[in-house]
Amino acid sequence: MRRKVVAGNWKMNKDIHETAELVRSLADRLKDLRDEVDVIVCPSFASLVVAQSLLQNTRIKLGAQNVSSFGDGAYTGEVSAKMLLAAGCSYVIVGHSERRQYFHESDDLINTKALKALESGLIPIICVGETLQEREGGITDRVITTQMKGVLKGLSTDQLNKVIIAYEPVWAIGTGKTATPDQANQVHKLIRKLVAQIYSWAEAEKIIILYGGSVNPQNAHALFHEPDIDGGLIGGASLKADSFLPIVQAAV
Ligand code: PEP
């Protein structure tokens with residue numbers, strides 16, 4: 001039985017004061033949440049330490065939105081996996097489509113970042129997803145297959161067991177257009193099949209696959225109860241407790 005996971009990607013929103021306010025509110029309102037859902041928030045680098053101090057002894061875990069592909073050293077502007085771990089992170093998002101689009105991150109680079117995260121003891125939430133053009137061109141399966149093979153390259157079975165995959169169709173991110181539960185589940189099923197081909201069905205049955213793309217309190221329940229959808233990676237709706245909480249509840 002796979003655990004449900006709901007993660008909030010706050011992107012480049014919320015300074016330390018706003019982070020503290022939202023974290024306090026979430027921690028307070030999620031006190032009595034049933035144990036079967038893991039809740040993660042991913043604030044900006046600048047707010048991680050503040051968030052960490054407020055999240056101690058709460059149900060909520062901390063994640064970052066990016067990690068360097070290098071270890072500590074002379075890489076101005078970078079943040080290493082070791083630093084994220086020391087700042088209290090347990091998770092890190094890698095390969096988000098905004099990083100692929102604006103910072104030209106390739107599957108190779110994302111793979112290196114995932115390996116760096118794993119070596120330091122962080123759980124990478126690895127994002128894959130097709131663009132609108134690719135979906136309309138009928139090549140979604142091919143795109144997802146290439147991305148999955150690329151991002152998992154060289155990961156041992158032990159490492160795979162610590163990875164979370166997020167299927168985030170680019171056309172659904174921040175657009176208000178959500179994949180239907182069935183559309184999303186079809187791709188999740190493909191992702192599981194690819195994991196089975198590369199590793200085994202036993203591993204494929206274990207891997208947590210999140211859906212991301214305009215999830216909101218109205219559509220979350222139907223998405224999260226598809227057989228291959230294990231929760232969500234939430235952008236816009238994670239920025240307010242009033243919209244994030246019902247999404248978390250929908251995963252129970
Ligand atoms: C995201 O950026 O990971 C995301 C899913 O965004 P949104 O929920 O706003 O579509």
Side-chain angles (χ1 to χ4, degrees), residues 4-14 18-19 22 26 37-45 47-48 51 60-67 89 91-105 110 113-114 117 123-132 134-135 140 143-144 147-148 151 163-181 183-185 187-188 191 208-224 226 228-251:
K4 294 280 189 203
V5 175
V6 178
N9 171 14
W10 295 358
K11 311 194 184 191
M12 199 167 71
N13 294 295
K14 305 217 176 275
E18 294 160 334
T19 295
L22 181 53
L26 291 174
V37 189
D38 289 335
V39 183
I40 305 161
V41 293
C42 304
S44 76
F45 286 144
S47 296
L48 286 175
I60 305 170
K61 308 256 176 51
L62 189 63
Q65 300 171 17
N66 185 24
V67 63
C89 291
Y91 299 83
V92 61
I93 299 169
V94 295
H96 190 279
S97 66
E98 287 151 15
R99 304 252 8 129
R100 291 176 184 260
Q101 181 181 352
Y102 302 126
F103 304 97
H104 313 294
E105 293 197 1
I110 294 159
K113 289 185 174 197
I123 296 177
I125 302 174
I126 307 177
C127 303
V128 296
E130 80 287 2
T131 62
L132 182 61
E134 289 162 344
R135 175 157 284 260
T140 298
V143 170
I144 299 294
Q147 290 180 346
M148 283 297 293
V151 300
V163 162
I164 293 177
I165 301 290
Y167 167 55
E168 297 211 312
V170 180
W171 50 271
I173 295 180
T175 59
K177 284 188 202 147
T178 321
T180 64
Q183 264 176 334
N185 197 61
V187 181
H188 283 230
I191 291 171
I208 292 172
I209 310 175
L210 308 182
Y211 168 78
S214 296
V215 177
N216 60 41
Q218 287 72 43
N219 59 29
H221 187 272
L223 285 159
F224 296 171
E226 285 290 322
D228 286 294
I229 300 182
D230 304 312
L233 179 55
I234 319 300
S238 69
L239 294 172
K240 288 201 170 96
D242 283 347
S243 43
F244 191 56
L245 291 168
I247 294 174
V248 171
Q249 300 287 1

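When reading the values below, keep in mind they use all heavy atoms of this one structure, side chains included, and skip hydrogens, waters and symmetry mates. All ligand and atom numbering here is 1-based and tracks the order in the structure.
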Check whether any side-chain N or O of [X] sits under 3.5 Å from a backbone N or O of [Y] as a donor-acceptor pair, and report yes or no.
X	Y	answer
D38	V5	no
Q65	P43	yes
D230	I209	yes

Hey, what do you get for CE (M12) to CD (E98), rounding to the nearest 0.5 Å?
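Nearest 0.5 Å value for the CE-CD distance: 10.5 Å.
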
Protein residues near ligand 1, heavy-atom distance below 4.0 Å?
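Heavy-atom contacts below 4.0 Å: N9, K11, H96, E168, A172, I173, G174, G212, G213, S214, L233, I234, G235, G236.
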
Starting from the C-alpha separation in whole Å, work towards a yes-or-no answer on side chain to side chain donor-acceptor pair (under 3.5 Å) for E130 and W171.
CA-CA 8 Å; E130 80 287 2; W171 50 271; 2.8 Å; yes

Classify the ring geometry of H188 against Y211: parallel below 30°, tilted from 30° to 60°, perpendicular beyond 60°.
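Taking Y211 first and then H188, their aromatic rings sit tilted (interplane angle of 30° to 60°).
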
